[in-house]
Structures are given as structure tokens and as C-alpha cells.
There are 2 protein chains.
Amino acid sequence: MTTAKRDTYTPETLLSVAVQVFNERGYDGTSMEHLSKAAGISKSSIYHHVAGKEELLRRAVSRALDGLFGILDEEHARVGHAAERLEYVVRRMVEVLIGELPYVTLLLRVRGNTGTERWALERRRDFDHQVAELLKAAVADGDVRGDVEVRLATRLVFGMINSIVEWYRPDGRGMSEREVGDAVVQLVFSGLRKEA
Amino acid sequence: MTTAKRDTYTPETLLSVAVQVFNERGYDGTSMEHLSKAAGISKSSIYHHVAGKEELLRRAVSRALDGLFGILDEEHARVGHAAERLEYVVRRMVEVLIGELPYVTLLLRVRGNTGTERWALERRRDFDHQVAELLKAAVADGDVRGDVEVRLATRLVFGMINSIVEWYRPDGRGMSEREVGDAVVQLVFSGLRKEA
DNA sequence: CCTTGTCCCGACCGATCGTTCGGTTACTCT
DNA sequence: AGAGTAACCGAACGATCGGTCGGGACAAGG
């Protein structure tokens with residue numbers, strides 16, 4: 001028992017409740033009243049743990065962004081052939097999306113109404129650009145088709161991967177993270193058509 | 001001049017303004033005050049044209065759903081080999097997404113907080129299921145790989161196509177609808193890998 | 001001229017928004 | 001037992017929410 005000492009809320013445990021409600025109702029569609037009902041404490045008590053609604057959003061998207069940018073620091077994403085690094089990043093993105101599902105879900109739905117949201121959008125663009133560079137290098141190596149524009153292809157691949165948050169649910173007998181990762185890699189690199 | 005007679009708002013012209021604001025700020029993040037500023041008329045005047053905020057949402061998602069379901073009624077989507085019908089539907093989905101971009105964008109962001117939103121989600125599921133059946137038939141014909149589960153593949157393909165609303169902008173020298181359609185069909189059926 | 005109906009407005013409604021505040025409970029440490 | 005403090009609460013804040021209301025401006029038709 002390293003952490004179990006008090007059965008009261010910490011900023012972290014409160015965050016996990018809040019993010020779940022945010023994802024169900026949308027950030028703007030969630031009131032502090034909704035959060036207090038879901039957490040089982042009064043509205044004013046929430047302010048004992050966090051500064052306000054927007055801090056909860058900031059903590060959540062930060063966690064998601066840290067997970068995604070962490071991929072790019074891993075060895076397999078930095079050394080080797082571009083095509084293999086790209087495949088590694090794609091597979092790891094699936095793992096992070098599923099591992100940090102509620103946080104990444106919230107990140108991907110941010111619209112840009114507040115300063116926090118605009119900051120999140122900017123960091124997302126950074127990440128996308130870095131993956132696009134990887135794809136561009138793979139094209140230059142001749143390992144990836146060049147007849148589809150790099151930015152367009154990147155966006156479509158991101159669209160496929162990011163859509164996981166719209167339907168993946170970790171409940172018991174669903175599909176495994178490995179199964180989804182395999183499917184994404186197969187479709188991204190080989191498509192639907194039957195191969196030899 | 002078939003329609004030009006008064007330069008005042010109709011429910012349709014007001015809708016196009018409202019949908020644009022909804023997409024920028026999110027439906028829940030948009031107040032009637034925001035709409036009145038964007039439309040250039042007072043808040044109360046909006047109620048002369050439409051019953052309320054939710055009717056604007058209903059009109060918008062209806063238009064998007066009509067466009068999508070219309071695809072399935074077209075001849076090329078009903079007769080022929082399943083694989084070819086699937087490719088036709090994929091290409092037409094791209095056309096409808098781009099042609100009705102703001103309306104489809106709004107549809108794809110609906111969360112399910114109100115009755116109207118839940119109805120929209122249900123109709124979307126109907127559409128997805130019908131396309132999944134098409135994919136299943138193509139697998140049975142041996143034209144599409146069977147090593148990726150049909151429901152999983154359908155979701156990933158929808159994810160790629162639907163992501164178009166997140167980045168496609170029709171401004172002047174962007175890419176053409178045809179270009180995007182070609183790229184999607186190439187990636188969906190053949191993937192990123194270089195082919196012969 | 002006057003009516004009729006469309007289009008629009010400012011003022012206002014009760015409800016709810018995110019947040020603050022003063023005070024109470026309950027646990028920890030000595 | 002008593003002090004200190006972390007956790008919590010109900011009540012209330014000003015602002016804003018979606019929506020209502022009575023009436024004014026204006027054009028068309030007689």
C-alpha cells in the first residue's frame with residue numbers, strides 16, 4: 001500500500017472523475033454541478049482541490065500531450081529507417097490513445113474557446129508536424145508512396161488513429177489493444193485490399 | 001433571379017450562419033447572444049425565424065444525414081460487386097462531407113445531451129451499419145482482406161473519412177474535392193505502402 | 001389614406017453558470 | 001484532551017443562459 005491512506009479526493013482522483021464527465025457531456029456541456037454530483041461532493045468542495053473548471057481541463061490535456069510527445073523521445077522513434085520509425089510511432093500512438101483514453105479523448109475534442117484550449121491545439125499541431133516529417137522522410141527513402149501529398153496523407157492517417165477514441169471501450173470482452181494496433185498498422189500501410 | 005426579393009433572413013440563411021458559429025465555438029459553447037452578433041440581428045429576432053437553439057441543430061444535422069443516406073439510394077451503391085459499391089460509397093462520402101461540410105461537421109460532433117442529439121447519433125449508427133454490411137459482403141466475395149475484423153475495419157475507415165471535417169477548408173487554393181477523394185480511396189484500399 | 005402582416009427591437013423572465021465565502025466537521029499530531 | 005488543519009458544506013454572488021413579451025418600423029395592397 002503505497003498510496004492508500006485516506007479515502008478522500010486528491011486533485012488526481014478528482015481529475016479522473018471530471019474527465020469522464022467531460023467526455024460524456026462535452027466540456028462546455030458540463031457544469032460544476034454535474035461534476036459535484038458525479039464526484040459525490042459539493043460544488044464548493046471541488047474548489048478545495050483545484051482552482052476551477054479550466055484547471056481540470058488543463059491537467060487533462062497536459063497528461064494526454066505528455067503521453068503523445070513521449071513517443072517521439074523513445075529510441076525506436078529516433079533511430080532507424082524512417083518507414084520503420086513511422087510504423088513504430090503509429091503503433092505506439094494506438095497504445096497511448098488506449099492507455100490514456102479519457103485524457104486523449106478530451107484533448108482531441110478541444111475547440112479553442114479559451115486560452116487553455118488554444119494552447120492544446122497548438123501543441124497538437126506541433127506533434128502532427130513532427131509525424132508528418134517522419135512520413136516525408138519515408139517517402140524520400142522510397143518506402144512510402146509519393147502519389148499522395150504528405151500533409152494530406154498525414155491528416156488522413158491521424159484521422160484513422162484518432163478515431164479510436166470515438167468507439168474503443170476497455171470493457172471486459174472487447175478487443176485488445178494489440179488487436180487494434182495490428183489492424184491500424186495493416187490498414188495504414190497495406191489498406192483494405194487483399195494482399196498476397 | 002429566382003429567390004432574390006428581400007435581403008432579410010429566412011430560416012435557411014439564418015441556419016448557415018448559426019452552423020458556422022456552432023462549428024467554431026461548439027454547440028454548447030454557443031449562446032443565442034453569439035448567434036445574434038454573428039447574424040447582425042437581435043437575440044429576440046432569431047425567434048421570429050426559428051423556434052429556438054435546438055431547432056437550428058435539428059435542421060443542420062437533418063441536412064447532413066439526408067446527404068449521407070442519399071448515397072445509399074444511388075444506383076452505383078445498390079447494384080454491382082460489393083467491392084465496387086464500397087469504393088463508390090467511400091468516394092461519394094468524401095463528396096458529401098465536402099459539399100455539406102459545415103452541416104456534416106456539426107453532425108459528427110454531436111454528443112447526445114438532448115433528444116435531438118441522441119436521435120442524430122442513432123441515425124449515424126444506422127448509416128455506419130449499412131456500410132459495414134457492404135464491407136462484409138466484399139470480404140465474402142474475397143475482394144477485401146478478412147484478417148481484420150469487419151466492424152473494426154469499418155470504424156477505422158469511417159474515422160479516416162470523417163476526419164476530413166477537421167481540416168478541409170474550401171478556401172481558394174486548397175486541394176480539390178477530387179484530390180481528397182482520390183487520396184482517401186488510395187489509402188483505404190491500398191494503404192501507404194508503395195505498390196507496383 | 002389605412003389596414004395587414006413581416007421583420008425586428010429593447011427590456012425582461014426564471015434558471016443556471018462558475019466562483020466565493022464563512023463556517024462546520026473530522027482526522028492527525030502532540 | 002486540546003490544537004491545528006485538511007476536507008467539506010450551504011448559501012449566496014454577479015454574470016450569463018435560452019426564451020418571452022409588447023410594441024415599433026416598414027413595405028404591400030386596398
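Throughout, protein chains are lettered first and strands after them, A, B, ... in sequence-line order, and every chain is numbered starting at 1. Just so you know, these numbers come straight off a predicted model, no measurement behind them.
- When the side-chain nitrogen and oxygen atoms of B:His49 are compared with OP1 and OP2 of C:dC8, one or more of them lie within a distance under 4.0 Å.
- Applying the 3.5 Å distance criterion, the base of C:dT19 shares no donor-acceptor pair with the side chain of A:Lys53.
- Remark: B:His48 is not in phosphate contact with C:dC9, judged by side-chain N or O atoms under 4.0 Å from OP1 or OP2.
- Distance B:Met32 CE to C:dA11 P: 19 Å, rounded to the nearest Å.
- Within the structure, a side-chain polar atom (N or O) of A:Ser42 is placed less than 4.0 Å from OP1 or OP2 of D:dC9.
- Residues B:Ser31 and B:Ser45 each lie close to DNA chain D; by heavy-atom proximity, the contact nearer the 5' end of the strand is made by B:Ser31.
- Between B:Ser44 and C:dG10, a side-chain N or O to OP1/OP2 separation shorter than 4.0 Å is absent.
- C:dA11 atom C1' lies 13 Å from atom CD of B:Glu33, rounded to whole Å.
- Taking 4.0 Å as the cut-off between side-chain N and carboxylate O, A:Glu122 and A:Arg125 do not count as a salt-bridged pair.
- Atom CD1 in A:Ile46 sits about 10 Å away from atom P in C:dG18, given to the nearest Å.
- Within the 4.0 angstrom heavy-atom criterion, only backbone atoms of the sugar-phosphate kind lie near B:Thr30; the bases stay farther away.
- We find that A:Glu117 and A:Arg111 are not joined by a salt bridge, their nearest charged nitrogen and carboxylate oxygen being 4.0 Å or further apart.
- If you check D:dC8, C:dC12, C:dC8 against the side chain of B:Ile41, the one that comes closest is C:dC8.
- Put simply, the residue from A:Val61, A:Val110, A:Leu107 that forms a side-chain contact (heavy atoms from CB on, under 4.5 Å) with A:Leu121 is A:Val110.
- The CG-C1' distance, from A:Leu14 to D:dA6, rounds to 15 Å in whole Å.
- Using a 4.0 Å cut-off between a side-chain N of Lys or Arg and a carboxylate O of Asp or Glu, A:Arg145 and A:Asp147 qualify as a salt bridge.
- Taking the nucleotide of DNA chain C with the nearest heavy atom to each of A:Gly29 and A:Ala51, the more 5' of the two is matched to A:Gly29.
- Figure legend: cation-pi geometry between B:Lys53 and B:Tyr47 absent, as NZ or CZ is not positioned both under 6.0 Å from the six-membered ring centre and within 45° of its axis.
- When rounded to the nearest whole Å, the span between OH of B:Tyr47 and P of D:dC17 equals 11 Å.
- B:Leu57 has its CG atom 14 Å from the C1' atom of D:dG18, to the nearest Å.
- Nucleotide C:dC17 holds its P atom 6 Å from the NE2 atom of A:His34, rounded to whole Å.
- Put simply, the side chain of A:Lys43 and the base of D:dG10 share no donor and acceptor less than 3.5 Å apart.
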